[in-house]
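What follows is a single structure, written as structure tokens, with notes after it.
Chain letters run A, B, ... following the sequence lines, proteins first, then strands; residues in each count from 1. Just so it is clear, the values below take in all heavy atoms, side chains as well, and ignore hydrogens, waters and symmetry mates.
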Amino acid sequence: MSTRTSSQISKADSAASSGIVIRADNLWKSYDEGAITVLKGVTVEVIAGQTVALCGPSGCGKSTLLHLIGGLDHPDEGRVFVNGIDLKTRRNMTSFLRHEVGFVFQLHNLIPDLTLEENCLLPAIAAGMDRRAARERLRQLAARIGLENRLGHRIQKLSGGERQRTALCRALMNRARILLADEPTGSLDERNSAAIFALLLELARGEGLTLLMATHDRSLAAACDRLVEMRDGRIHEC
Amino acid sequence: MIYLRLILTNLGRHRIRTIVSVAGIAFSVAAMLTVVTVLQGAIGMFSGILSSGAELIVFERNVSDLFFSEVPASAASQIAAWPMVAHADPVLFGVVSSADHPIITCFGITAQDARIRNATWIAGDVSQFGRVKDGVVLGERAAGFLNASLGSTVPIGHGAFHVVGVLRTRNGFEDGGVFMTLDAARSFFHKEGSSVVTIRLHNKDDVAAFKRQVNASFPNLIGLEDAEFSRSYSQFKILKATAWAVGGCGLALGGLGVANTMIMSVFTRIREIAILRVNGFSHAQLAAIIFGESSIVAIVGALAGLAIGTCALFGLKLIPALHGYVDVTLHPALMFIVVLLALLTGIAGALYPSAYAVRIRAVEALRFE
């Protein structure tokens with residue numbers, strides 16, 4: 001578990017009262033020693049329980065922004081606040097990854113040699129969750145997602161849609177309140193894409209999660225509470 | 001359970017590589033076990049021929065090799081006369097040669113010596129020892145390679161000796177040796193005393209007093225208990241150090257094999273490690289998986305090595321030329337040390353790979369497919 005200072009707690013309380021769970025403040029990020037600047041002063045806020053679509057063409061910085069918000073990378077400049085706490089000041093990013101955010105990627109990022117059940121239990125095991133409670137949580141999620149009959153199957157035996165549903169199930173295992181989805185339907189056909197997206201929205205709204213989803217599919221994005229347009233490393237429209 | 005699945009799954013993905021690593025550790029452990037056991041057995045046998053049931057051994061102080069030690073005959077006689085001494089046997093060790101056999105250990109002993117009294121006489125009997133001029137008793141193996149039997153004459157060194165007996169002992173050095181009277185040996189090797197005097201005391205509590213008396217009466221001599229002698233004799237120390245060094249080198253090579261396997265293991269699943277990290281695995285948990293893999297490789301290798309080493313030792317014992325020289329006594333402490341060393345080698349081999357694994361940046365690993 002992370003250790004919070006009193007100022008962090010007060011900031012968290014203040015953020016909670018204003019309803020802002022994610023605040024990216026003037027984020028800059030470049031790669032190749034500054035040769036490629038991906039984010040150019042991005043500022044964005046997300047309110048708790050909101051479903052937000054981050055739209056824009058490939059390479060506009062959507063994924064980078066999600067990685068910074070998810071604590072997987074550090075901005076060159078600017079700050080990221082999640083649940084009111086500046087990620088830079090967090091001592092324990094492991095606890096943050098375990099309990100505060102869940103990720104869904106375009107490529108499902110499942111471990112192919114493990115079964116669906118084992119893949120989904122990984123976050124629970126990492127967090128030291130009681131085994132019985134973890135299995136019960138998985139059973140409930142799998143039933144909602146429609147995977148209850150596939151728990152013992154290896155990932156190689158699952159279809160693309162099932163794999164992405166498994167990744168969604170895994171992201172929700174530890175009851176994180178923020179779900180970061182990076183092109184979750186990008187590798188699926190139109191039918192599966194629509195089904196996964198609908199499921200994502202249903203779960204997010206059903207469980208009151210904050211969803212920040214990168215996509216370039218405008219028709220899907222339109223179903224979200226809010227659409228944020230990104231272009232050339234900047235937010236153009238909110 | 002899933003930890004174990006992750007570990008075993010990865011080992012199973014690259015079966016050949018895993019088997020090669022296990023084999024590396026196994027052969028290293030087998031080599032170490034075999035070399036150390038054979039040398040410990042040899043040292044035990046050598047200690048055995050020195051003491052031959054006695055409690056103490058007296059020899060010349062600061063000699064590098066007992067073959068160079070000389071205890072004056074007068075000193076041996078005086079020691080034998082001390083009240084605390086029950087029995088004192090002077091023994092002269094020498095190396096003789098015969099056709100096709102450049103090195104044969106020769107024992108110059110008295111007729112009271114336990115070596116010939118406790119041995120099984122195959123031909124002749126102990127009463128004949130020393131009665132015939134130029135008479136020798138041969139160990140069973142020596143009789144075999146010298147092609148000699150009771151009554152025959154064997155050329156040894158510059159002389160010819162009559163075989164007055166053939167005996168069997170459990171000690172390979174004695175079984176391949178030649179026994180002659182102390183006087184004959186002194187004459188043969190041009191010495192006046194003996195190499196050592198083996199001592200049996202009336203009361204074992206007098207050991208310390210005996211050693212003090214040797215020190216006071218004969219400053220050039222030293223008296224040591226058997227175990228004390230085995231620990232302090234420089235030749236034994238060199239042998240033991242050599243055995244452990246050879247075994248250690250083998251194990252180090254095995255460790256490099258494990259390190260190579262683990263490095264490859266980490267390099268080939270950077271993405272998987274990143275997935276685990278994103279799903280909340282801590283650095284310690286990731287390292288535990290890497291160390292778990294190397295530990296399994298090391299333990300399985302060590303167990304296989306123990307089995308191979310044991311078979312090799314029994315195989316060596318069956319070779320006629322080595323009969324009596326290989327003492328296959330597997331000491332649990334040695335086996336434990338060997339397995340522990342293998343485990344430590346495995347862990348050492350995983351140090352760099354695990355350090356590399358925890359430094360993997362998930363975002364970079366996940367960015368590229």
Side-chain angles (χ1 to χ4, degrees), chain A residues 1 29 31 38 63-75 92-115 117-129 131 134-135 154-155 167 170-174 176 180 182 186-187, chain B residues 1-19 261-262 264-293 296-297 353-369:
Chain A
M1 295 289 289
K29 181 71 183 176
Y31 296 105
V38 182
S63 298
T64 302
L65 180 59
L66 283 183
H67 292 154
L68 296 183
I69 290 169
L72 298 182
D73 207 351
H74 308 289
N92 191 345
M93 285 308 292
T94 301
S95 173
F96 174 73
L97 292 170
R98 281 176 184 169
H99 302 291
E100 297 190 39
V101 292
F103 287 93
V104 181
F105 298 93
Q106 177 178 353
L107 299 161
H108 48 78
N109 283 333
L110 299 167
I111 296 177
D113 300 289
L114 300 184
T115 62
E117 181 180 21
E118 288 166 338
N119 267 286
C120 290
L121 285 174
L122 286 175
I125 286 161
M129 193 192 287
R131 256 160 222 280
R135 284 184 198 283
R154 280 175 187 274
I155 299 305
R170 184 182 63 183
L172 297 172
M173 267 303 290
N174 284 0
L180 302 173
D182 188 3
S187 62
Chain B
M1 193 63 189
I2 291 180
Y3 269 114
L4 190 62
R5 280 272 288 135
L6 283 168
I7 290 168
L8 295 179
T9 294
N10 193 53
L11 291 174
R13 272 182 201 146
H14 307 284
R15 287 189 190 85
I16 300 296
R17 201 168 67 195
T18 303
I19 289 168
T261 298
M262 297 316 302
M264 294 305 295
S265 164
V266 170
F267 284 1
T268 54
R269 57 179 175 139
I270 285 176
R271 192 178 181 85
E272 184 178 309
I273 290 166
I275 292 169
L276 294 175
R277 179 70 186 136
V278 169
N279 281 286
F281 275 66
S282 66
H283 291 160
Q285 287 171 320
L286 292 175
I289 292 171
I290 309 297
F291 280 117
E293 280 180 36
I296 285 180
V297 167
S354 61
Y356 186 91
V358 301
R359 284 202 306 267
I360 289 172
R361 296 191 63 224
V363 67
E364 286 172 7
L366 293 175
R367 188 174 293 139
F368 304 104
E369 178 61 11

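Across Ala126(A) and Gln285(B), no two heavy atoms sit closer than the pair O-NE2, 3.0 Å. Taking every heavy atom of both residues into account, Arg98(A) and Gly280(B) meet most closely at NE-O, 2.6 Å. Contact between Arg5(B) and Thr115(A) at its shortest, heavy atoms only, is NH2-N, 4.3 Å.
Put simply, the side chain of Leu6(B) reaches to within 4.5 Å of the side chain of Leu114(A), judged on heavy atoms. With a 4.5 Å cut-off on side-chain heavy atoms, Arg271(B) and Asn109(A) count as touching. Contact check for Leu276(B) versus Ile111(A): side-chain heavy atoms found under the 4.5 Å cut-off.
Every residue was checked against the side-chain contact (heavy atoms from CB on, under 4.5 Å) condition with Ile19(B), not counting sequence neighbours, and none meets it.
The residue among Glu118(A), Met173(A), Gln106(A) with the most heavy atom pairs within less than 4.5 Å of chain B is Glu118(A).
Proximity to chain A (any heavy atom under 4.5 Å) is restricted, for Thr9(B), to the side chain, taken from C-beta onward. Looking at Arg269(B), there are no atoms closer than 4.5 Å to chain A (heavy atoms on both sides), in backbone or side chain.
Note: Glu364(B) CD to His67(A) NE2 = 11.0 Å, rounded to the nearest 0.5 Å. A distance of 7.0 Å separates CG in Leu366(B) from CG in Leu72(A), rounded to the nearest 0.5 Å. Rounding to the nearest 0.5 Å gives a distance of 12.5 Å between CG of Leu97(A) and CZ of Phe281(B). To the nearest 0.5 Å, atom NE2 of residue His74(A) and atom CZ of residue Arg361(B) are 6.0 Å apart. The structure places CD of Glu272(B) at 7.0 Å from CG of Asp113(A), a figure rounded to the nearest 0.5 Å.
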